[in-house]
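Okay, so here's the structure we're looking at.
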Amino acid sequence: MAQSNVNEKQINSTAQSDKEAQKTPGKTTETKQSTSKQLIVVVFILSLATKLYLLPIYLIQMTGRDAYIALSIEVAFDLIALGLLLAAIMLAGDKSFFELLEEVIGKVGAKIFVAFVALFLFFKLNISAAETSTFYSDNVFADFDAPFMIIVLLIFLGSVANHTLRSLCRINELMAPIVALGIVMLIAIVIATGFDFANIFPAMRNGLDFRRAMMRNAAWIGDFTPLVLFIGRTKTKKHTAVFAAASGTVGSAVVVFFGIVLCAAFGNIKNFADSCTNISNILQFSIGNVYGRIDLLSSILWSVSAFIETALFFYATCRCVEYVIGRNIHFWVGLSLCVILYFLQVFAMTDPTIFSTVASCIPTAVMTPVFAILIPALALISAIVVRKRDKKQSEQGSENEAEK
C-alpha cells in the first residue's frame, strides 16, 4: 500500500513537471532528446544534402573548371561553423541555445537575436524546399503540379512541427542508410567507369568569374545552423565532437569529390552543364548513358536527405519563432509557417528567375556568410561564458560551505 502511494506521488510529480516544461518557451519535457549517434548522422546528412544538388551546376556555369575550388571554399567555411557548433554542444551541458543567450545578453537581447536567427533559418528553408521541388519537377514527374505537390511536402513539415527533436532524429537515423546506399552506388559507378582528372587543369584562369561565382552562390552556406537546437539536448560522450566532425568532413569530401568529377567531365565547356541535377549530370555526361537511367535511382535516394534537411530547417524555425513569441504552440506556428512557405514557393521560388535572383543577390551574398558564422560563434561564446560563471559560482559555494 505504501509502495502504491509512493508510485502515485511520483506519477503526479512527473505530470506536474511536464506541464511546467510545456509552459516554458524553448523547453521540452525531457532535456536530452538526441543521442551522440543521432547527432553524428544528422551532421552527415546536413553536410551533403543541398551542396550535392544545384550548387555545383550553378558554380560550373559561372566559373567553369574552377567550380570545385569555389565549392571547396564554401564547404570549408561550413566546416568551421560546424566546429564552433560542436564545441558549443560539448560545453553547454544541460542548457539550451536559448538559455545560454538569456544568461549572456539578457532575455530581451536573446529574443531579438533569435528573431534574426529564425529569419535566417526560414530563408534557408525556402532554398532547401525550392531545390526539392526542382528535383521532382525536372527528374521524377513529367507534369509537375507545383501547387499540389508542395502541399504534400508541407503536410510532412507540419507533422514535424508537432513532434519533438527526438522524433526527427529517429526519422533521420532510419533514413540515413538509404542516403548512404545511394552515395555508395554513385561513387562505385563513377570509379568503375573512370574519369579524367587532368581535365580540371589549368586552374584559376579567370579570377573575375571565380569571385563572381563565390559572391553569387553564398545562399548555400550555413547548412549546419539547425544544430543550435542540439545544444543542451544531446547526450554527449567523450568523443562525440570528434566523430561528428569526422562525419561532416566525410560528407563534405563526398560533395567535393563529385564536384571534381563534374568539372572533369565538362572542363571549361560550361554551357553544356544542364541546370537540373548534379547527380544526373555526373552519370549522363561524365560516364555516358551506359547504365540506363540509374541516375534516377541515385537521385531519388539523394532526395531523402533533402527532405530531412528541409525538415530540420523547418523544425528549427518553428522552435525559434515559439521562443520569440513566448509560447509553445507547435500546431499554430507550424501551420502559419506552412501557409507562408506555400505562397512563397508557389508564387515566387518555383520561378527560376526569381529563385536565382533571391539566391544570388548582393544582400544574400553578404548576410548569409555573416549569419552562418555569427550564430555558432555566439553560441560557443555564450557556452564558454556561462560555463566559467557556473564554475566560479560553484567554487564560491564550496568555499562558503567550508567556512561554515
Side-chain angles (χ1 to χ4, degrees), residues 14 17-46 81-104 110-111 113-114 117-118 121 160-174 176 223-245 247-248 308-309 311-324 326-330 333-334 375-387 390:
T14 302
S17 298
D18 290 351
K19 290 179 181 179
E20 291 298 323
Q22 290 173 358
K23 291 178 183 178
T24 308
K27 296 261 189 177
T28 52
T29 305
E30 185 180 338
T31 302
K32 303 297 183 181
Q33 296 194 40
S34 169
T35 65
S36 294
K37 179 182 176 182
Q38 290 170 337
L39 173 63
I40 292 167
V41 174
V42 167
V43 169
F44 178 72
I45 294 297
L46 290 176
L82 173 63
L84 296 175
L85 285 166
L86 291 176
I89 290 172
M90 297 301 292
L91 294 174
D94 292 333
K95 294 185 177 178
S96 69
F97 176 62
F98 308 120
E99 292 170 327
L100 292 174
L101 291 178
E102 284 184 8
E103 292 196 28
V104 174
K111 288 198 172 188
F113 181 74
V114 172
V117 174
L121 290 168
V160 165
N162 287 282
H163 289 79
T164 62
L165 183 63
R166 178 186 291 106
S167 301
L168 191 54
C169 286
R170 286 174 177 170
I171 293 174
N172 180 77
E173 196 173 16
L174 290 172
D223 287 342
F224 293 114
T225 311
L227 292 179
V228 293
L229 288 193
F230 286 77
I231 297 174
R233 297 180 180 179
T234 304
K235 297 176 183 178
T236 58
K237 297 180 180 178
K238 184 177 180 180
H239 300 294
T240 297
V242 174
F243 287 114
S247 175
I308 293 173
E309 177 163 349
L312 284 166
F313 274 108
F314 185 83
Y315 181 86
T317 305
C318 287
R319 294 301 177 263
C320 286
V321 170
E322 289 176 11
Y323 172 76
V324 172
R327 298 184 65 186
N328 279 343
I329 44 176
H330 303 330
V333 170
I375 294 170
L378 186 56
L380 177 57
I381 292 171
S382 299
I384 293 173
V385 170
V386 171
R387 187 181 180 88
D390 290 347

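In this structure the side chain of E102 never reaches within 4.5 angstrom of the side chain of K111, judged on heavy atoms. At least one side-chain heavy atom of S382 sits under 4.5 Å from a side-chain heavy atom of L378. Counting heavy atoms from C-beta outward, L165 and F230 have side chains that approach closer than 4.5 Å. Between L227 and L39 there is a side-chain heavy-atom pair separated by less than 4.5 Å. Between F314 and C318, some side-chain heavy-atom pair lies under the 4.5 Å cut-off. At a threshold of 4.5 Å between non-hydrogen side-chain atoms, the residues I40 and F44 do not count as touching. Counting heavy atoms from C-beta outward, L312 and V42 have side chains that approach closer than 4.5 Å. Annotation: side chain of K95 is in contact with side chain of D390 (closest heavy-atom distance under 4.5 Å).
Counting all heavy atoms, side chain and backbone alike, T317 lies closest to A118 at CG2-O, 3.9 Å. Taking both residues in full, the closest heavy atoms of A161 and G334 are given as CB-CA, 3.9 Å, listed atom of the first, atom of the second, then distance. For the residue pair R319 and F98, the shortest heavy atom distance occurs at O-CZ, 3.9 Å. Closest of all the heavy-atom pairs between Y315 and R233 is OH-NH1, 4.4 Å. For S36 against T240, the heavy-atom pair with the smallest separation is OG-OG1, 2.7 Å. Annotation for E309 and L46: closest pair CG-CD2, 3.7 Å, computed over non-hydrogen atoms.
Considering CG of L380 and CD1 of I89, their distance stands at 11.0 Å, rounded to 0.5 Å. Taken from CD1 in I308 to CD1 in I45, the straight-line distance is 4.5 Å, to the nearest 0.5 Å. With values rounded to the nearest 0.5 angstrom, L85 atom CG is found 9.0 Å from F224 atom CZ. Rounding to the nearest 0.5 angstrom, the gap separating the CG atom in L91 from the CG atom in L86 is 11.0 Å.
Residues forming a side chain to side chain contact (heavy atoms under 4.5 Å, CB included) with R170 (at least two apart in sequence, or on another chain): Q38, R166. Annotation: salt bridge (charged side-chain N to carboxylate O under 4.0 Å, His left out) contacts of K37 (sequence neighbours excluded): E173.
No donor-acceptor pair under 3.5 Å is formed between the side chain of S96 and the backbone N or O of L229.
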Q: Please lay out, stage by stage, how I381 and V104 fare under the test side chain to side chain contact (heavy atoms under 4.5 Å, CB included).
A: CA-CA 9 Å; I381 292 171; V104 174; 5.7 Å; no

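Dense packing is recorded around CZ of F113, with more than 12 heavy atoms of other residues, nucleotides or ligands lying under 6.0 Å away.
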